[in-house]
Amino acid sequence: MTGKMLRVAVFASGTGTNLSAIVDAARSAPGFFAVALVIVSRADAGAGARAAAAGIPCAHISSATHATAAERDDAMLELLAAHRVDLIALAGYLKRISPYFIARFGKPILNIHPALLPEFGGQGMYGCRVFEAVLASGAKASGVTIHLVDEQYDHGPIVFQEAIAVLDGDTVESLAARTQALEHRAYPLVLRRIAEGEIDVGGGGSDRRSG
Ligand code: GAR
């Protein structure tokens with residue numbers, strides 16, 4: 001690959017298994033993308049410990065650190081600029097991204113969701129609640145969605161979707177395990193395809209190859 005490497009910021013609120021999958025993939029195939037920054041919305045997020053263990057700069061930004069939403073947005077934008085971030089990957093980040101932030105960042109923001117959007121998404125739909133809803137619906141398929149972020153939760157143009165079967169006897173735990181295994185393959189794959197210019201997500205994707 002001759003283009004510049006895609007500098008990714010991962011935003012997380014929870015355990016951070018997707019963060020680790022992205023970091024591991026970036027390091028095992030260097031030159032396509034790298035995690036330049038992690039932002040967590042909770043001081044005790046497992047993702048923060050994973051970032052520290054990986055030696056990646058990590059900031060906790062929340063109402064505990066900045067009183068207003070505008071201050072939080074500006075603090076995040078400042079960090080993103082300082083770390084020359086090309087793209088944000090939300091990975092279990094539970095805060096809404098504001099229209100102001102989206103406009104000011106001006107580069108792609110992705111989100112991963114553990115179901116086939118537009119079903120089973122929206123505010124409050126994360127973690128076990130998603131898998132409970134899928135199982136309660138009787139759906140025969142579930143899966144993973146990666147999409148560009150707009151100002152609504154789990155909403156925006158879909159860039160990747162892959163289905164898995166919901167099996168007879170599936171529990172929240174078994175469906176979660178298969179879904180998360182797919183997530184851990186899918187997010188690095190999508191980031192690499194963006195870096196290679198094979199998925200166009202606008203400013204910061206295929207354009208980078210000419211830089
Ligand atoms: C992931 O399963 C991700 O899809 C989900 O949060 C989990 C975070 O896990 N996001 C949503 O449900 C968004 N609505 P992780 O912290 O282990 O990466």
Side-chain angles (χ1 to χ4, degrees), residues 8-27 33 35-54 56 58-62 87-98 101-102 108-137 139 141-164 166 170-191 194:
V8 176
V10 176
F11 284 21
S13 304
T15 316
T17 63
N18 279 283
L19 167 64
S20 289
I22 292 168
V23 170
D24 291 349
R27 290 181 174 176
F33 60 92
V35 181
L37 175 68
V38 174
I39 291 180
V40 293
S41 65
R42 296 170 47 144
D44 62 350
R50 288 172 187 264
I56 296 168
C58 179
H60 163 220
I61 295 179
S62 72
L87 178 150
I88 297 170
L90 307 185
Y93 185 70
L94 302 181
K95 300 291 178 194
R96 195 175 77 98
I97 302 295
S98 74
F101 181 93
I102 294 170
I109 307 175
L110 298 176
N111 179 45
I112 190 163
H113 186 75
L116 297 175
L117 293 175
E119 303 292 328
F120 311 115
Q123 187 167 10
M125 287 298 276
Y126 60 90
C128 291
R129 291 188 204 173
V130 178
F131 306 115
E132 284 164 4
V134 170
L135 292 174
S137 76
S142 190
V144 167
T145 305
I146 297 173
H147 64 94
L148 282 161
V149 166
D150 62 17
E151 55 282 350
Q152 298 179 48
Y153 283 99
D154 299 326
H155 191 266
I158 290 171
V159 300
F160 172 94
Q161 212 162 35
E162 187 170 322
I164 55 173
V166 177
D170 249 337
T171 62
V172 166
E173 291 73 23
S174 64
L175 182 58
R178 292 205 312 289
T179 306
Q180 284 162 0
L182 174 55
E183 287 193 314
H184 299 161
R185 289 197 307 277
Y187 226 164
L189 179 74
V190 165
L191 291 172
I194 291 170

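Note that ligands are numbered from 1 as they come in the structure, with each ligand's atoms numbered from 1 the same way.
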List the residues meeting side-chain hydrogen bond (donor to acceptor under 3.5 Å, both in side chains) with S62, not counting sequence neighbours, and say none if there are none. H60

Can you tell if the side chain of P114 reaches within under 4.5 Å of the side chain of F120, non-hydrogen atoms only? no

Should F101 and I88 count as side-chain neighbours, where that means a heavy-atom distance under 4.5 Å? yes

The protein heavy atom nearest to atom 4 (O) of ligand 1 is E183 OE2, 2.3 Å

Polar atom proximity, N111 to ligand 1 (N or O, under 3.5 Å): no

Once you restrict to heavy atoms under 4.0 Å, what part of D154 touches ligand 1? Side chain, backbone, both or neither. side chain

Does N111 have any side-chain hydrogen bond (donor to acceptor under 3.5 Å, both in side chains) partners at least two apart in sequence or in another chain, and if so, which? H147, D154

Under a heavy-atom criterion of less than 4.0 Å, does A12 contact ligand 1? no

Counting non-hydrogen protein atoms only, what is the nearest one to atom 5 (C) of ligand 1? Give residue, atom name and distance. P114 CD, 3.9 Å

Any N or O on H113 sitting closer than 3.5 Å to an N or O of ligand 1? yes

Enumerated ligand 1 atoms positioned under 4.0 Å from heavy atoms of I112: 3 (C), 4 (O), 10 (N), 11 (C), 13 (C)

Flag the pair L175 / I164 as yes when at least one side-chain heavy-atom distance between them is below 4.5 Å, and no otherwise. yes

Do me a favour and list the nearest non-hydrogen protein atom to atom 6 (O) of ligand 1 with residue, atom name and distance? G92 CA, 3.4 Å

How far is atom 9 (O) of ligand 1 from the closest protein heavy atom, and which atom is that? N18 ND2, 3.9 Å

Are the side chains of F11 and S41 in contact, using a 4.5 Å heavy-atom criterion? no

What protein heavy atom sits nearest atom 16 (O) of ligand 1, and how far off is it? G16 N, 2.7 Å

What's the spacing between L189 CG and I22 CD1 if we round to 0.5 Å? 11.5 Å

Region of M125 that comes within reach of ligand 1 [heavy atoms, distance under 4.0 Å]: backbone

Is any side-chain heavy atom of R50 closer than 4.5 Å to one of V23? no

Using a 4.0 Å cutoff against the non-hydrogen atoms of T15, which atoms of ligand 1 qualify? 16 (O), 17 (O)

Where is the nearest protein heavy atom to atom 17 (O) of ligand 1: which residue, which atom, and how far? T17 OG1, 2.6 Å

Element-labelled atoms of ligand 1 that are located less than 4.0 Å from some non-hydrogen atom of Y126: 11 (C), 12 (O)

Do L191 and L87 make a side-chain contact, defined as non-hydrogen atoms from C-beta onward lying under 4.5 Å apart? yes

